[in-house]
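Scroll down for the structure; my scribbles are underneath it.
Reminder, nothing fancy here: chain letters follow the sequence lines and each chain counts from 1.
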Number of protein chains: 2
Amino acid sequence: MTTQRKEAKRERILDAAVLEIARRGYYGTTVSTIARRAGVADGTIYLYFKSKEDLLVSIFERAMQRFNFEAAGIVEADGVGAEEKLRRFVALHLSLLGEDRDLAVIFQVEFRHTLHILERLSRSRMRDYLALIARVLEQGTEEGVFKRDLDALLAAKMVFGILDEMATDWVLSKKNTRLASRSAPVTDLLLGGLRTS
Amino acid sequence: MTTQRKEAKRERILDAAVLEIARRGYYGTTVSTIARRAGVADGTIYLYFKSKEDLLVSIFERAMQRFNFEAAGIVEADGVGAEEKLRRFVALHLSLLGEDRDLAVIFQVEFRHTLHILERLSRSRMRDYLALIARVLEQGTEEGVFKRDLDALLAAKMVFGILDEMATDWVLSKKNTRLASRSAPVTDLLLGGLRTS
DNA sequence: CCGTAGTGAATGAGTATTCAGTTTTCTGCC
DNA sequence: GGCAGAAAACTGAATACTCATTCACTACGG
């Protein structure tokens with residue numbers, strides 16, 4: 001079997017897992033259910049993934065790879081100011097999650113299942129993502145547009161916190177709003193704060 | 001048995017549950033383990049709680065009652081400006097979680113187990129908590145110190161998002177920092193934003 | 001001495017993972 | 001092309017658990 005065909009099957013299993021886990025939750029989804037949706041036998045799952053948990057982590061890895069790739073494109077753009085980069089970053093985060101509700105559910109809910117999984121995830125790709133935000137903030141202070149005394153990493157976590165809460169709130173809301181529509185108010189608050197200027 | 005003694009036993013079970021679930025996770029903790037730590041038989045748990053899930057929800061209810069009580073005290077204080085109220089609110093949130101790591105773990109991780117539980121929780125006490133933040137922001141716009149065009153509820157969610165991320169980050173970090181030490185930078189960013197003024 | 005509270009072994013449902021057997025794909029040869 | 005044999009991929013029923021919940025019985029307090 002060619003590498004390409006194997007890769008495609010792996011993707012099919014991951015897609016099936018995203019769909020089922022988003023709807024029934026990680027513990028509510030059996031490996032059999034995922035296998036059935038992917039059109040393979042239960043045992044086949046274990047040819048591609050070490051365990052059910054490994055499957056969940058692989059969903060995360062695949063998604064974060066895309067997130068980080070796109071985010072890096074924004075951060076590394078030449079001749080773009082920090083403010084504009086931040087604007088784009090916020091829009092990107094909200095768009096990527098807002099365009100795939102199943103994935104959003106998994107990111108906002110299912111990945112937080114146990115301290116153990118959360119620790120594993122946050123130690124990996126998550127760090128890179130936060131570092132990218134921090135880079136934008138550092139650029140901003142260098143340009144003199146962002147405050148001089150900013151702790152870039154801490155501030156990056158706050159930026160992430162806002163985006164994360166927007167996503168969770170959207171996932172939980174029944175209303176049919178677009179997540180990306182919150183880009184502007186989020187950026188405004190981040191840049192200008194609550195105070196009147 | 002007096003109501004008081006019954007209440008005390010219920011509290012003991014809740015305390016035991018907080019401790020065990022924080023350490024092993026909800027799914028990693030058996031009802032037997034909780035019973036053993038509380039010094040009661042397995043069956044006794046079911047005299048006080050409908051199910052294991054009800055136990056988790058009861059932990060949330062008990063904690064949120066305290067949170068909301070203390071938060072309401074801040075929001076309803078007479079003769080205090082919105083900026084100062086926000087400062088106090090941030091400090092309160094970070095202190096309450098920072099002083100009880102087990103409870104913090106449960107809040108930041110275990111409560112988010114399934115969409116189902118999260119929905120249940122966010123529809124109840126969580127709403128009130130957000131509403132309290134929103135009230136402070138509204139007061140600020142009325143006073144003219146906060147921006148006029150603020151969507152108070154949306155901004156409240158952003159405030160909450162930052163606090164929530166600070167707490168999660170603290171829970172996941174091995175370092176021995178105090179969560180409350182982040183009060184000042186959080187408040188600064190919220191009030192003044194990233195931009196130089 | 002009775003009703004309330006508590007007990008903990010038994011139940012029964014659920015399911016991740018394995019593995020002996022089957023099918024498909026690949027390889028080298030005519 | 002086509003074919004045998006080997007290797008790789010796949011299958012799904014059986015295994016080997018784990019645990020929430022129940023309930024017949026016991027102990028206790030008023």
Salt-bridge contact B:Asp164-B:Arg112 (side-chain N to carboxylate O under 4.0 Å): yes
Residue-phosphate contact under 4.0 Å: A:Lys9 side-chain N/O, D:dC10 OP1/OP2: yes
With ring centroids as reference points, do B:His93 and B:Tyr129 lie under 6.0 angstrom apart? yes
Separation of B:Asp54 atom CG from D:dA20 atom C1', in whole Å? 14 Å
Could you state the atom-to-atom distance from CZ of B:Phe49 to C1' of D:dT22 in whole Å? 18 Å
Judged by nearest nucleotide, the residue sitting upstream toward the 5' end of DNA chain C, A:Gly28 or A:Thr44, is A:Gly28
Does a salt bridge link A:Glu84 with A:Arg87, judged by any charged N lying under 4.0 Å from a carboxylate O? yes
Starting from C1' on D:dA27, measure out to CG on B:Leu47 and report it in whole angstrom. 14 Å
Please report the distance, rounded to the nearest Å, between CZ in B:Arg10 and P in C:dA5. 15 Å
Of all residues at least two apart in sequence or in a different chain, which pass the side chain to side chain donor-acceptor pair (under 3.5 Å) check with A:Glu61? A:Arg125
I'd like to check the side chain to side chain donor-acceptor pair (under 3.5 Å) partners of A:Asp102; sequence neighbours left out, ordered by chain and number. A:Arg23
Length of the line joining A:Ile45:CD1 and D:dA9:P, which is rounded to integer Å: 16 Å
Between P on D:dG12 and CD1 on A:Ile34, what's the gap in Å once rounded to a whole number? 17 Å
Atom pair distance, as rounded to whole Å: CZ in B:Arg12 and P in C:dA5: 15 Å
Between protein and nucleotides 16-18 of chain C, what N or O pairs are separated by less than 3.5 Å?
from	atom 1	to	atom 2	distance (Å)
C:dA16	OP1	A:Lys52	NZ	3.2
C:dA16	OP2	A:Val31	N	2.7
C:dT17	OP2	A:Tyr46	OH	2.8
C:dT17	OP2	A:Lys52	N	2.9

Salt bridge check: are B:Asp15 and B:Arg62 linked by an N-O gap of less than 4.0 Å? yes
A:Tyr48 has a side chain; which of D:dA9, D:dT11, C:dG6 sits nearest to it? D:dA9
